[in-house]
Amino acid sequence: MLYIENKLQIALAHAIKSLYQVENTEIILQPTRKEFKGSHTFVTFNLSKKLQKNPETTANEIGVFLLENNSDLVEKFEIVKGFLNFTITNKVWLQLFIDAQNDTNLGKNPSKNSRVMVEYPSPNTNKPLHLGHLRNIFLGDSVSRILSADGYEVIKANLVNDRGIHICKSMLAYQKFGHNETPETAQIKGDHLIGKYYVEFEKQLRKQLEPLMQKIENNDFSDFSDEHQIKIKPLVTQINKSKDNLKEQKKYNDAKSDLKQLVQNYTSLMREAQEMLQKWEKNDTLTKALWTKMNGWVYQGFDETYRNLGVSFDKFYYESNTYLLGKDIVEEGLKKNIFYQKEDNSVWIDLVNEKLDHKLVLRGDGTSVYVTQDLGTADLKYKDFNIQKSIYVIGNEQEYHCQVLFKILQKLERPYAQGLHHLSYGMIELPEGRMKSREGNVIDADEMIVEMKDVAEKKCKEFGRIEGLSENEKQNLFNQIGLGALKYFLLKIDPKKKIIFNPEESVEFNGDAAPFIQYNHARTCSIMRKAKELNLLFSAENYQNYTNWHESEQYLLELLLSFPKQITEAAHSYSPSVLAQYSYDIAKSYSKFFTECSIFQAETESAKSFRIALSDFTQKTLEKSLYLLGIESPQKM
RNA sequence: UGCCAAAUAGUAUAAUGGAUAUUACGAAAGCCUCCGAAGCCUUUGAUAGCGGUUCGAUUCCGCUUUUGGCAACCA
């Protein structure tokens, strides 16, 4: 495919030079639209304009030239308006097909000798994973596979957020209300047990918050220090002002959540959580022991979920080990005059010229902020793996943060700074709004997996083609299909777009969906089983005389041969959706081919061989393409 | 108030500045004596608004509208 494109470009450049004495024109080919004949299209408008000629005349002159001089490549051409559509000789296609069949590196582009790290999903250890994490995990996993297929050496890294105030919240709730229960005694998966106490903390917190809020509503501020009253009062004014104003609902909500945030600090629970965090930072033995125990449970739970999802990691980083990093970088930045210091000793960077405002990088008391440790971690990753590129799979709410982080690293002239990329994705929301773990209205990842599997089981039993399988094989199949449907559902959509997930409308299993693709894979397998049974040969010498292809054969063949290009495109844009669409295209084309061309009742023996070979190649390409999405390809379903 | 993103049929989705705007779900008709009908095949319907650049704009540039997000010494 690439071969054809290059050849055609060279031929076109030659033609244009010979005909018009024009050199160095950019020759851009695009795929010919389905409704027209041919595979490659050269658009002649630009050139014609330069030459001051009619586009159709130009197109015709070039077409004739190529037909005369490159008849081994170009079979014929057609002109529609200014579009010059080439039909490539079947001999060339056939040779490419034979080469591709013999290629042992199908689905693996040549090595780039370059190392890239993909960081995902970097969860907090205070709650189980939810549907949003699944989008992150599937994206990270798929992009890792794609980059690896495109010739990079990939390191999958998971930076676990295992410390901080939110972790202390579940610890504290467990200490108070947990009665020493364990995942074993409670019969709950470790991460879910911890999540239960995180929700419990928030519930108790709301109870303590209510009387305080009530007082404020009655204009009683006696509980609060003067310093806080100054902050609280304007918020109350704002709330009262925008309360009944429909247009200012957002302002109202913002002010209200700001107020809650402030008032929370007056509850005993929040104070205890803060104290616990301080104890943790001072390495208090009991606190650390509780923390280790509870995080251990969470990791067991996460491991199980990762296993069920079919994803793995090469490297785990823990924030408890990295949260103090980066302070040396702050000093370095100060020396280099990239950062500046205020009177209170806090350290800042001026990014006004980058439209990013001023940003704090170290507090006045010398403690870190979020970006400080991220600076340190970036250096650590480079030190550990000598990576040229680093992909951060993080939600779009942190776009600003990533911009700041990358910009600082650029200013510090880090060798890896040019290779940093934030793979940003939109949130998954419910019809009623954002998912909030605190409030318990989330689509749980583990539950989702089970539900998908159940649907798959139900469908499989309806279609009734799985009698021969053992119980193990059946369970495995239900998993492959259910999980495939879910992965495809989340990966086919442009990451930038937010997804509103309606639990009432189930994940698609028909049409533009993974089970349809898997189904066609199973079909190709079925054909190959039968071909083997019948002892039919499908090596090149058996079909090399058959080039009178049916339209659907031709289309499928061209599509299959574009696989390497699709991988490169997906890798280049970090976008699994390219391959989702590609896999679907193949399945659709095979399905069409399947109904339009009989394989075992083919008109000639060579046609039969060709169709078996085409099925074989479809099977291989589909399997590898789905693999890049993290989706498995069943042989029967 | 600034910055960023999104806006495509009833719904969901696609399109390096190119042709009659992709695909699916939904709805309506047809196709299993023949390799797997989770299929194939017809039909149906959309670029938020106004302007600009261009031979050509869903795409690029303005302005407007709507929806999210960010702008915090939270992560």
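Convention: sequence-line order gives letters A, B, ...; per-chain numbering from 1.
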Q) Touch check for A/Cys525, heavy atoms < 4.0 angstrom, all strands: base, sugar-phosphate only, or nothing? A) nothing

As its Watson-Crick or G-U partner within any shown strand, both distances under 3.5 Å, B/C3 has B/G69

Practice item. Please work out if A/Asn85 contacts a base, only the sugar-phosphate, or nothing of the nucleic acid, heavy-atom cut-off 4.0 Å. Key: base

What's A/Asp494 touching, base or sugar-phosphate or nothing? Going by heavy atoms closer than 4.0 Å. sugar-phosphate

- Query: Is there a donor-acceptor contact under 3.5 Å linking the side chains of A/Thr568 and A/Asp150?
  - Reply: yes

*Name the nucleic acid region contacted by A/Arg529, choosing base, sugar-phosphate or nothing; use a 4.0 angstrom heavy-atom cut-off, strictly under.*
base

The glycosidic conformation of B/C60, counting syn as within 90° of 0 and anti otherwise, is anti

Whole-Å distance, A/Gln581 CD to B/A12 C1', equals 14 Å

Over all strands shown, is A/Met427 touching base, sugar-phosphate only, or nothing at heavy-atom distances under 4.0 angstrom?
nothing

| said: Would you say A/Ser526 places a side-chain N or O within less than 4.0 Å of OP1 or OP2 belonging to B/G36? | reply: yes

May I ask you to say what A/Leu356 touches in the nucleic acid, namely base, sugar-phosphate or nothing, with a heavy-atom cut-off under 4.0 Å? nothing

request  = Check every strand shown and say whether A/Phe509 touches a base, only sugar-phosphate, or nothing at a heavy-atom separation below 4.0 Å.
outcome  = nothing

The nucleotide from B/A19, B/C70, B/G39 with an atom nearest the side chain of A/Phe516 is B/G39

At under 4.0 Å between heavy atoms, what does A/Tyr584 touch on the DNA or RNA strands: base, sugar-phosphate, or nothing? sugar-phosphate

Applying the 3.5 Å cut-off to both distances, the Watson-Crick or G-U partner of B/U13 turns out to be none

Need one value for A/Asp344: base, sugar-phosphate or nothing, where a base atom within 4.0 Å counts as base even if backbone is also close, heavy atoms only. base

Closest to the 5' end of RNA chain B, once A/Leu84 and A/Asn124 are matched to their nearest nucleotides, is A/Leu84

Could you check whether A/Asn85 and A/Thr41, counting side-chain N and O atoms only, form a donor-acceptor pair closer than 3.5 Å? yes

Between CD1 of A/Ile466 and C1' of B/A38 the distance, given in whole Å, is 13 Å

| request: Check whether any side-chain N or O of A/Lys492 sits under 4.0 Å from OP1 or OP2 of B/A12, and answer yes or no. | output: no

Review point. Parallel, tilted or perpendicular: which describes the rings of A/Tyr323 and A/Trp280, with under 30° parallel and over 60° perpendicular?
Key: tilted

If you look at every strand shown and take non-hydrogen atoms under 4.0 Å, does A/Ser591 touch a base, only sugar-phosphate, or nothing?
-> sugar-phosphate

From the candidates B/A14, B/C4, B/U20, the one with an atom nearest any side-chain atom of A/Lys355 is B/C4

Practice task
Scan A/Gln635 against the nucleic acid and name what it touches under 4.0 Å (heavy atoms): base, sugar-phosphate only, or nothing.
Solution key: base

Is the phosphate of B/G68 approached by A/Arg434 (side-chain N or O, under 4.0 Å from OP1 or OP2)? no

The nucleotide from B/G36, B/A5, B/U20 with an atom nearest the side chain of A/Tyr519 is B/G36

### Query
Hey, does A/Ala522 reach any base, or is it just sugar-phosphate, or nothing, if we go heavy atoms under 4.0 Å?
base

(request) Please work out if A/Ile493 contacts a base, only the sugar-phosphate, or nothing of the nucleic acid, heavy-atom cut-off 4.0 Å. (result) sugar-phosphate

Practice item. Could you tell me whether A/Lys588 contacts a base, only the sugar-phosphate backbone, or nothing, with contacts defined as non-hydrogen atoms closer than 4.0 Å? Key: sugar-phosphate

Do A/Glu603 and A/Lys608 sit within salt-bridge range, that is, some charged N less than 4.0 Å from a carboxylate O? no

